[in-house]
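Counting begins at 1 with the first residue of the sequence. Order of listing sets the numbers, starting from 1, for every ligand and every atom in it. Predicted model, so just to flag it, every value in this text is computed and none were measured.
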Amino acid sequence: MRTITDFCTGWRFAKTASVPAALPESWEAVTLPHTGNAVDGQDGGNDYWRGTAMYAKAFARPALEENGCAVLEFLGAAMTAKVWVNGKKLAHHEGGFSTFRVDITDVLAEENLLCVSVDNGENDRVYPQKADFTFYGGLYRGVNLITVSAAHFALLQNGTPGIHAPPKLSEDLHSAEVTVEAWVEGSARNVKFSINGKTQDAAVMDGHAQTVFRLDPVHLWDGVDDPYLYTVLAQLESGDEVSARFGCRTIRMDPGQGFFLNGRSYPLRGAARHQDRAGLGNALTRKEHQEDIEMIKEIGANTVRLAHYQHAQEFYDLCDEAGLIVWAEIPYITQHMPNGRANTLSQMCELITQCYNHPSIVCWGLSNEITASGTADEDLLENHRQLNALCHELDATRPTTMAYVFMLETDSPLIDIADVGSYNLYFGWYIGELSQNDSFFDAYHAKFPNCCFGFSEYGADANPQFQTNTPDKGDYTEQYQCVYHEHLLQCIEQRPYLWATHLWNLFDFAADGRDEGGKNGVNQKGLVTMDRKLKKDAFYLYKAAWADPVRAPFVHI
Ligand code: GCB
């Protein structure tokens, strides 16, 4: 048996590093998801609170089967977390965006006190430390208590779901072989797997069970038109069971023709998104995730770059269901830290092992603008080589990529590391003229015709309160944002070799260090305001260019 109890209520919160001995009734009562930076992380001045805060919650001993286990699951604790139960320290986790779990079976009493510290303060090894977004702290994604039988699917391997289902398609795409693997903790002889009513048993050897399903004919996961998902269920004699969804599809990036999905050309056009909302910070619920997905779909995008870190599992689930192609990445960003290599590797390991089954994800992003405040020195290069090798070791099915800063020399050794590259260019906004976007790509493609590369960021800020009849670069008006994107839309349409294009950003987001364009603390490159209430004119420009006019006819004046 497995029970999952939502642990989002009954918390007390304070900005302190000291671990209380009893539930501190005087602390603020909070419900998860929660961040302490929902207000100060969005008001500008770059003075939002960063440091160690503590959450405490009392709970009664859960019912356990004989030799059963109790495991706490943290879906996101930013950025470094420590966990105590009844005063005993049980975990230390570095990385604010991934799931981790803690076995608490041995320390349980009749009445228990759970304390979790979260630290979003500065240090020299946990990414991110320097970037253009607010580093919210908190238990901002929820916590669960999981109880399982003595024999159960693995809970303690990097926060993974304990089951992998990579499909391999036949060349004609008519059938697929799915190698289903599960990892088991405790003693079990057999795993019973089933997909769509078809059942196969596999013996457990050294905690691992594997079987191959043949799907013939196979129903493809075919992007936004038909994002068909299979579910694989795995069961143990103990009664424990887990399931995972997967999709059958092939992907290919071609240096001359761009992206291919299931063998056909499928130009990737879309936007980036942060997990963030006005008034809420990063503490989003399913409702906000769903609203974001609807707006991504509304402009007719077929891809989303989930920047600059691992997003909530439910968001990747929604992308799977919507047929969106996803670029996933870790927050190895802006500034390389010589002491941060282990953290990049552990964040990448968690990203891949936790997100492996999502058919929407097509690449792993190693870093973003990592040379923005330094050079590509040997330590940085070696960090990238190791990350790249780790990705291939953990996942033989997806390529790696990187988002280069515009001033990275096109012959930098960094460019040779990831399987496919991508540039962030802001010609026509921060620097230069709009036409330099076109000439940059033309020159790059001419010089490296066998190299796959994409356009990972482009954008211009707009404050809807700023309107003009004479739009000009740097004026923050909605009109200049439109002029900018009209040009960029043409630029990308004329360059089918780009393997993907992601405008920056679909939504305004908190960047507490910014004070500009009539607003404090906000990056205003979004096509939609941070409260999601106002769609700027450029939103409709993309909708007109990309959305299906038959399914969603509209007029915007
Ligand atoms: C970038 C960064 C992104 C920033 C963006 C901007 O290149 O990758 O994190 O928010 O530029 O708006 O300047």
(message) Students often mix this up, so state it plainly: with edges at 30° and 60°, are the rings of Y540 and F554 parallel, tilted or perpendicular?
(response) tilted

(message) Please determine whether a side-chain nitrogen of the Lys or Arg among R264 and D222 lies less than 4.0 Å from a carboxylate oxygen of the Asp or Glu.
(response)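 Result for this pair is yes, salt bridge flagged.
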
(request) Using a strict cut-off of less than 4.0 Å between a Lys/Arg side-chain nitrogen and an Asp/Glu carboxylate oxygen, indicate whether D292 and R277 qualify as a salt bridge. (result)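 Salt bridge present between D292 and R277.
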
(message) Under the rule for side-chain contact (heavy atoms from CB on, under 4.5 Å), what residues qualify as partners of A511, not counting sequence neighbours?
(response) D132, F509, R514, N523

(request) Verify the ring-centre separation between H274 and H308: is it less than 6.0 angstrom? (result) yes

(message) I'd like the residue list for ligand 1, meaning every protein residue with a non-hydrogen atom under 4.0 Å from the ligand.
(response) D132, H308, N368, E369, N424, Y426, Y430, E457, W504, F509, R514, N523, K525

(request) Answer yes or no on whether K525 is positioned over the face of Y458, meaning its NZ or CZ is under 6.0 Å from the six-membered ring centre and within 45° of the axis. (result) no

